[in-house]
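First the structure, in the form of structure tokens, and then the observations on it.
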Number of protein chains: 2
Amino acid sequence: MSVQERKQRERAERERLIVTTARELAEQQGWDAVTTRRLAERIEYSQPVLYSHFRGKREIIGAVALEGAAEMATAVRAATSAADGPRARVAALARAYLDFAARNPAVYDALFQLDGGLAYAQEDTPEPLKDAFAALLECLAEVAGDGVHPGLFTETFWASLHGLATLTRAGRLPPEDAAQRVELLVDRLAVV
Amino acid sequence: MSVQERKQRERAERERLIVTTARELAEQQGWDAVTTRRLAERIEYSQPVLYSHFRGKREIIGAVALEGAAEMATAVRAATSAADGPRARVAALARAYLDFAARNPAVYDALFQLDGGLAYAQEDTPEPLKDAFAALLECLAEVAGDGVHPGLFTETFWASLHGLATLTRAGRLPPEDAAQRVELLVDRLAVV
DNA sequence: ATTCGATCCTAGCACCGCTAGACAATCAAG
DNA sequence: CTTGATTGTCTAGCGGTGCTAGGATCGAAT
């Protein structure tokens, strides 16, 4: 029994190694640089080993996305719980979200830009994704305003943040006025 | 002289053919399916011909993006000019924008998701891109609100629309309530 | 000690973006 | 009309990609 357990443990460790290595490589050099060959070389195994853990590159991206979703949820909750009052909480949420996107561009891409083969906004959506959305909802529900469905409001607010995050990072928006745009968004969208 | 002119004309026609074919192929089967081989086959020339018109695939994407920017500007202006009152104009703009993104997903990707080698939000930004932004600005400036820079407001509003467009199309947002989200966005962001 | 199954790697497939160099068509000069 | 240079296009190939078939190796159980 113990032998099998050890093997299982080692296998799980190697899977973790694959995911964290893929994430590192993606953050360092972009997802384009995350090829199965380079990834295999970094973990010091041959390519086919990757395919004994994941169906393909997509699933590896998906694994990084799930890891990122959990972290993002934590970051958002930490920021909102440290703020006083609805207005300050929403502002803290927005900053935390954009900060996460800016600090972990590759993870953010895996989550919302690339195809990681994950289901979104459905019953079979993985728990970390649901929870990340819940983290937003918890804070944003209180500023949705009368007669506005909290879920719908959260989706809309989230989409606005997502737009800011992606357009800024892709060089479509000048980065200088980022803070002002966030402030404008919070001021107008949140009902306090 | 006439011979050279004819050649120049034919060459320009072929360049148009490349761009429209790339666009067609991308809309039909996605940008992943737009390979230089397939594109060359469709225009009935060999691969190297593509490289006598464009530096590489990136520039072809960029050409599609510029074409799309011009069309989007036209669509937005048509929609806004047909509406009465600031509130209705902004709503029409939002609908026209999202409609364009939904109807021309590949073009939208070329514009705002993919790397077409174009400069954004700078002095050397190509004219069609500047003009597309100007089309948004013309309408949105009148609802920016007191003390809010029109450019900054336009950027923020645009980012929100962009977030809705991308998240909806990527399956990150349920498509049913799209109209309600747009309405919410217009109601809250636009000062009428 | 020997089987046998799990584990891993080598080698290779079809495809990608891109380019060098051969070849044919066209034009200007003698 | 015949050259020679120039232009245009194609074939073939490079190094890379994601992914997989099949053989080698190694450890556990008999």
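Chain naming here is simple, since letters A, B, ... match the order of the sequence lines and numbering starts at 1 in each.
- The nearest whole Å value for the distance from the CZ atom in B/F54 to the P atom in C/dT19 is 15 Å.
- One atom, OH of B/Y51, and another, P of C/dG17, lie 6 Å apart when rounded to the nearest Å.
- Nucleotide C/dT26 holds its C1' atom 13 Å from the CD atom of B/E10, rounded to whole Å.
- Between the C1' atom of C/dT19 and the NZ atom of B/K57 lies a distance of 17 Å, rounded to the nearest Å.
- Computed from coordinates, the B/L50 CG to D/dG8 C1' distance equals 15 Å when rounded to whole Å.
- B/R11 CZ: more than 12 foreign heavy atoms inside a 6.0 Å radius.
- A/R172 places a side-chain N or O within 3.5 Å of a backbone atom of B/L111 that can act as its donor or acceptor partner.
- In this structure, CZ of B/R55 is placed 10 Å from P of C/dT19, rounded to the nearest angstrom.
- Both tests do not hold together for B/R169 against B/Y108: distance to the six-membered ring centre under 6.0 Å, angle to the ring axis within 45°.
- B/R38 comes within 4.0 angstrom of sugar-phosphate atoms only, judged by non-hydrogen atoms across all strands, and of no base.
- Taking only side-chain nitrogens and oxygens, B/T36 never comes nearer than 4.0 Å to OP1 or OP2 of C/dC18.
- Atom CG of B/L39 and atom C1' of C/dC16 are 14 Å apart (whole Å).
- The pair A/E138-A/R89 does not meet the salt-bridge criterion, since no charged nitrogen lies less than 4.0 angstrom from a carboxylate oxygen.
- Each salt bridge (charged side-chain N to carboxylate O under 4.0 Å, His left out) pair with one or both residues in residues 44-63 of chain A, not counting sequence neighbours, appears once here: A/R55-A/E59, A/R58-A/D115.
- A/K130 places a side-chain N or O within 3.5 Å of a backbone atom of A/E123 that can act as its donor or acceptor partner.
- Atom P of nucleotide D/dG18 and atom CH2 of A/W31 are separated by 12 Å, given to the nearest angstrom.
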query = How does protein reach along nucleotides 5-11 of chain C, written 5' to 3' as B (base within reach of a heavy atom under 4.0 Å), S (only sugar-phosphate), or - (no contact)?
reply = ---SBB-
